[in-house]
Number of protein chains: 2
Amino acid sequence: MAEVARESLELERPIVRRSLHDELVERLRVLITEGELEPGVKVPEKALCDRYAVSRTPMREALKVLAREGLVELVPNRGATVTRLTVADLDEVFPIMGVLEALAGELACKNIDDAGVAKIERHHAQMAQCYEQRDLKGYFSSNQEIHEAISAAAGNPTLTGMQSALAGRIRRARYLANMSDARWEEAVAEHEAMLKALRERDGTRLGAILRTHLENKCATVKDAIGRDRSTA
Amino acid sequence: MAEVARESLELERPIVRRSLHDELVERLRVLITEGELEPGVKVPEKALCDRYAVSRTPMREALKVLAREGLVELVPNRGATVTRLTVADLDEVFPIMGVLEALAGELACKNIDDAGVAKIERHHAQMAQCYEQRDLKGYFSSNQEIHEAISAAAGNPTLTGMQSALAGRIRRARYLANMSDARWEEAVAEHEAMLKALRERDGTRLGAILRTHLENKCATVKDAIGRDRSTA
DNA sequence: ATACTGAATTTTGAATTCAAAATGCAAACG
DNA sequence: CGTTTGCATTTTGAATTCAAAATTCAGTAT
């Protein structure tokens with residue numbers, strides 16, 4: 001009978017059909033953060049429509065969303081431009097990132113299990129190795145994974161979402177090429193302290209470390225931007 | 001000569017012509033926070049288009065933006081529904097609000113001038129008076145003005161924007177009708193402490209007070225929601 | 001009577017169309 | 001020779017149109 005068949009059917013997650021505009025939001029975000037669309041330039045709506053073979057409707061919906069994220073600026077009747085990243089922007093964004101990461105750290109200490117800590121330990125080891133080899137690219141990559149892992153461990157999707165939105169806004173500063181040896185060493189030391197606090201589940205201390213870590217990072221990035229006018 | 005005329009022209013702020021979709025975002029936000037569009041119901045796209053005499057294009061753009069703000073949920077091919085506000089949501093949002101307000105408080109202490117403090121003192125007096133008269137509506141109103149004034153004094157538009165987005169998300173809980181006398185008294189005491197810290201420009205203390213203030217508020221709101229199933 | 005089937009209707013996503021605004025450009029004027 | 005003015009072109013905002021998907025509902029079979 002029908003009953004049996006119905007109960008034997010497992011509940012699978014529904015096939016995710018994404019809307020065009022959702023897809024576009026992601027694609028455009030990449031274009032901007034990767035630097036293909038440079039700060040200050042007008043977003044070529046028509047050209048992008050051709051490129052992705054979509055009409056202007058979903059493209060414009062995507063631009064509205066990106067505007068809200070702060071990646072582009074929408075001037076009525078004059079289209080979209082990629083927002084410039086100024087030093088003032090960094091001074092606005094980094095302190096916020098700081099308190100959000102601190103909160104994430106606190107929550108992570110409350111919720112994380114040993115397996116979670118172990119995972120972060122592995123990322124940390126990876127990062128330390130990159131530091132030894134002066135592999136800046138690899139260092140940044142595992143560094144990001146650590147911060148994302150902490151955020152995930154906090155178990156607060158809203159928080160994680162806000163963090164990634166802010167991170168996206170400043171990622172464009174391709175400061176990757178710029179980090180003094182002294183600062184780099186300091187950053188690694190800060191990460192050691194983080195890991196220790198996390199092992200001990202000391203949320204307050206981890207939060208404080210993360211916040212100053214971000215403050216220092218802000219100074220570093222501002223410094224890099226000051227030298228490289230192309231991002232401003 | 002032309003020079004003279006040109007220099008005599010003052011630089012005025014440009015006439016703001018808002019796009020339809022921008023206007024709609026605000027209107028819809030009000031509909032949702034004021035409760036005309038109740039949590040859980042499907043957003044009647046067609047009806048709203050008729051109501052505001054616009055076509056579906058700007059309406060859908062507005063819904064995309066609201067979805068990103070978390071006020072509506074967009075399911076592909078199934079339209080928009082007003083997001084329900086669950087206790088879990090509050091547990092996510094309030095801690096974030098807490099650290100953002102704390103940061104705003106810290107920054108405000110750094111930047112605010114005496115006139116700014118005086119303005120907040122006035123709101124505070126107003127609020128205290130409402131408390132004496134047990135005027136809950138008025139109390140909430142001046143309460144909100146105080147928090148907004150602190151945020152404004154922080155001088156960080158990004159921060160203020162994030163705060164108002166989060167506030168909008170939880171404002172719908174019309175917990176206005178629910179606040180125990182004991183909690184109310186406590187809240188007023190917390191506000192007294194805030195004002196004192198602000199007068200003394202003690203950012204760290206103000207931040208800490210704001211954060212616990214929000215934590216307490218969260219407990220109160222959760223309590224109210226627990227009783228009133230219509231919001232959940 | 002109840003549960004399934006399938007066609008009609010409605011709703012949604014996206015392309016196209018249309019009007020208004022901005023931009024570019026060249027001719028006219030000082 | 002440099003400005004300014006008016007026109008043509010392009011770009012933008014919004015309405016309309018069209019196709020695909022979901023929903024509704026009547027009819028059928030069990």
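First the proteins, then the strands, lettered A, B, ... as listed; each starts at 1.
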With A:His213 via ring-ring contact (aromatic ring centres under 6.0 Å, His included) - residues at least two apart: A:His147, A:His191

Residues passing the side chain to side chain donor-acceptor pair (under 3.5 Å) test with B:Arg169, sequence neighbours excluded, are none

Can you pull out every salt bridge (Lys or Arg N to Asp or Glu O under 4.0 Å) where at least one residue sits in residues 88-103 of chain B? Sequence neighbours excluded, please. B:Asp91-B:Lys222

Give the B/S/- string for nucleotides 13-20 of chain D, one per nucleotide from 5' to 3', where a protein heavy atom under 4.0 Å of the base yields B, of only the sugar-phosphate yields S, and otherwise -. BBBB----

Nearest 0.5 angstrom please: B:Cys130 SG to B:Met127 CE, how far? 8.5 Å

Go through the structure and list residues passing salt bridge (Lys or Arg N to Asp or Glu O under 4.0 Å) with A:Asp113, not counting sequence neighbours. none

Overall bend of the helix from C:dA1-D:dT30 to C:dG30-D:dC1 (five pairs an end, 10° steps) is 10°

Atom pairs and distances, side-chain donor-acceptor, residues 57-64 of chain B, under 3.5 Å, sequence neighbours left out:
unit_1  : atom_1 : unit_2  : atom_2 : d
B:Arg60 : NH1    : A:Glu61 : OE2    : 3.2
B:Glu61 : OE2    : A:Arg60 : NH1    : 3.1

Sort and list the pairs that fulfil ring pair (Phe, Tyr, Trp, His ring centres under 6.0 Å) and have at least one residue in residues 27-69 of chain A, not counting sequence neighbours. none

Nearest whole angstrom, please: distance from the P of C:dT11 to the CE of B:Met59. 15 Å

How would you list, by chain and number, every residue that makes a side chain to side chain donor-acceptor pair (under 3.5 Å) with A:Asn216, sequence neighbours excluded? A:Glu190

